[in-house]
Amino acid sequence: MPPFNQSIFHPAVFFLTGIPGLEASHIWISIPFCCLYAIAVSGNGMILFVIITESSLHEPMYYFLSMLSFTDLGLCLSTLVTMLGIFWFNAREISFDTCISQMFFIHGFTFMESSVLLAMAFDRFIAICNPLRYSMILTNSRIIKVGVAIIIRGTTALVPLLLLLKRLSFCHSHVLHHSYCFHPDVMKLSCTDTKINSAFGLAIVISTAGLDSVLILLSYVLIIRSVLSIASVEERKKAFGTCISHISAVAIFYIPMISLSLVHRFGKNAPPMVHTLIANVYLLIPPVMNPIIYSVKTKQIRKAVLKLFIPKVV
């Protein structure tokens, strides 16, 4: 690695980090990562395929699930090249512009996934609290508008954020803590004032993931109140059963994201391994687990997936 330039500069490259202290074992460590990427790509690809090709799944709930699989697939592919490049070829260098582009996709798909989870919470709220108007409210045209709004919301705020990052100068080590470019990680390397960047980044997180999480929680408060008013115990179980998959998806998305944010803000003295572990969990666990959860917990998805491998399954 070239020596670090301590003078103020705008770096041509950053250096990504694999697993600190285990560089000699990167080839072996790449095996489980390859398996996780294979599961994530094939699982989400399969969910998208069955929803597109199976006419019985052309319903609002499954349209939103296809959006979730699309964002998970995008999030996974955003880091695939750099992460496996480090493990296989020790390709740690990444240009500043490429780093900015990768950040755009990583944060964009993250914010889009948060919006999709909110849309899915709204879907469950309407299905349980106002089932008679479900098909009238969630029409195909409205779902398309929701999808477009999710994309616009997830990407537009990132443009000024990344432009603000490009104006910074760097005078410290340009070695990042992760095997991909993450906005707080890059911002920490700057020797100029980053208060505006930090405030704007925090505002975006609060107005997207923060707001979404509050609205998801509110929707489930209303759902629980509605379900508890149902006299039949069996009907209550059935209603709650339709929400289990979504609740699981919310948990595996928000818990790693909050953990990573806390480590970046308050874990300056934490071992590098902690940063690496949480960063990889944050990016890989949701794309890996969501297809598994919905294939196991959702009967219609499970049947459609089985039909791909066992055509005689009805």
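Owing to the predicted nature of the structure, the values given are computational and were not obtained by experimental measurement.
Using a distance-only test at 3.5 Å, with no hydrogens or angles considered, no donor-acceptor pair links the side chain of R92 to the main chain of F15. For H183 (side chain) and G201 (main-chain N/O), no donor-acceptor pair under 3.5 Å exists by modelled atom type. The main-chain N or O of S135 is never found under 3.5 Å from a side-chain atom of T139 such that the two would form a donor-acceptor pair. Within the 3.5 Å criterion, the main-chain N or O of F111 finds a donor-acceptor partner in the side chain of S115. Checking side-chain atoms of S198 against main-chain N and O of K195 turns up no donor-acceptor pair under 3.5 Å. Side chain of S78 to backbone of Q102: no donor-acceptor contact under 3.5 angstrom is found. In this structure, S226 contributes its side chain and I223 its backbone to no donor-acceptor pair below 3.5 Å. With hydrogens and angles disregarded, no donor-acceptor distance shorter than 3.5 Å links the side chain of N130 to the backbone of I126. Formation of a donor-acceptor pair under 3.5 Å by the N290 side chain with backbone atoms of P286 is found in this model.
Aromatic ring pairs are classed by plane angle as parallel below 30°, tilted from 30° to 60° and perpendicular above 60°; the pair F87 and F33 is tilted.
Note: F14 and F170 meet the aromatic proximity criterion, with ring centroids under 6.0 Å apart. The aromatic ring centroids of Y282 and H178 lie 6.0 Å or more from each other. In this structure, the ring of H177 has its center no less than 6.0 angstrom from the ring center of F182.
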- Item | side-chain contact (heavy atoms from CB on, under 4.5 Å) evaluation trace for E235 with V227 | CA-CA 8 Å; E235 288 296 321; V227 170; over 6 Å; no

- CA sep, side-chain torsions, deciding dist, call: V250, I247, side-chain contact (heavy atoms from CB on, under 4.5 Å): CA-CA 5 Å; V250 169; I247 292 171; 5.7 Å; no

- Message: Please evaluate residues K307 and E54 with respect to the criterion salt bridge (charged side-chain N to carboxylate O under 4.0 Å, His left out), reporting the C-alpha separation (whole Å), side-chain torsions for both, the decisive distance (0.1 Å), and the verdict.
- Response: CA-CA 10 Å; K307 280 180 68 175; E54 189 66 40; 3.6 Å; yes

- Passes side-chain hydrogen bond (donor to acceptor under 3.5 Å, both in side chains), Q300 versus Y62? Steps please. CA-CA 10 Å; Q300 291 86 343; Y62 303 111; 3.2 Å; yes

- Message: Checking V13 against T98 for the side-chain contact (heavy atoms from CB on, under 4.5 Å) test, could you report, in this order, the C-alpha distance in whole Å, the side-chain angles of both residues, the deciding distance, and whether it holds?
- Response: CA-CA 9 Å; V13 295; T98 303; over 6 Å; no

- Task: Check the pair S213, L118 against side-chain contact (heavy atoms from CB on, under 4.5 Å), reporting the backbone distance first and the verdict last.
- Result: CA-CA 8 Å; S213 61; L118 175 59; over 6 Å; no

- Query: How far apart are the C-alpha atoms of H246 and Y294, what are their side-chain angles, what is the distance that settles it, and do they pass the side-chain hydrogen bond (donor to acceptor under 3.5 Å, both in side chains) test?
  - Reply: CA-CA 8 Å; H246 179 252; Y294 277 94; 5.7 Å; no

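The distance from atom CD of E59 to atom CD1 of I51, rounded to the nearest 0.5 Å, is 10.5 Å. Summarising the geometry, atom CD1 belonging to I293 is positioned 4.5 Å from atom OG belonging to S248; distances are rounded to the nearest 0.5 Å. Between I216 atom CD1 and L117 atom CG the span is 5.5 Å, to the nearest 0.5 Å. For the atom pair CZ (F105) and CE (M112), the distance works out to 9.0 Å, reported to the nearest 0.5 Å. Of the inter-residue distances, the one linking S245 atom OG with I292 atom CD1 reads 12.5 Å to the nearest 0.5 angstrom. Note that SG of C243 and CG of D123 are 9.5 Å apart. Values are rounded to the nearest 0.5 Å.
The side-chain heavy atoms of I224 and F240, taken from C-beta on, include a pair separated by under 4.5 Å. A 4.5 Å side-chain heavy-atom check between V205 and S261 finds every atom pair outside the cut-off. Between S259 and I255, some side-chain heavy-atom pair lies under the 4.5 Å cut-off. Side-chain contact check for L138 versus Y63: every heavy-atom pair is 4.5 Å or farther apart. In this structure, I150 and K145 have side chains that are not in contact, with every pair of non-hydrogen atoms separated by 4.5 Å or more. C181 has its side chain within reach of L176: a pair of non-hydrogen atoms, C-beta onward, lies under 4.5 Å apart. For the pair T79 and S179, the minimum side-chain heavy-atom distance is 4.5 Å or more. Between F64 and F122, the closest side-chain pair of non-hydrogen atoms is not below 4.5 Å.
Under the side chain to side chain contact (heavy atoms under 4.5 Å, CB included) criterion, T242 pairs with R124, I128, sequence neighbours left out.
Heavy atoms of other residues, nucleotides or ligands lying less than 6.0 angstrom from OH of Y254 number more than 12. Dense packing is recorded around CZ of F200, with more than 12 heavy atoms of other residues, nucleotides or ligands lying under 6.0 Å away. Around CG of L22, the count of heavy atoms belonging to other residues, nucleotides or ligands within 6.0 Å exceeds 12.
Residue pairs meeting the side chain to side chain donor-acceptor pair (under 3.5 Å) criterion with at least one partner in residues 20-30, sequence neighbours excluded, are S30-W88.
When all heavy atoms of S295 and R302 are compared, the closest pair comes out as O-CB, 3.0 Å. The heavy-atom pair separating T298 from M61 by the smallest distance is CG2-CE, 4.3 Å.
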All N/O donor-acceptor pairs, side-chain side in residues 40-48, below 3.5 Å, sequence neighbours left out:
{"unit_1": "S42", "atom_1": "OG", "unit_2": "A38", "atom_2": "O", "d": "2.5"}
{"unit_1": "S42", "atom_1": "OG", "unit_2": "I39", "atom_2": "O", "d": "3.4"}
{"unit_1": "N44", "atom_1": "ND2", "unit_2": "A40", "atom_2": "O", "d": "2.8"}
{"unit_1": "N44", "atom_1": "ND2", "unit_2": "P287", "atom_2": "O", "d": "2.9"}

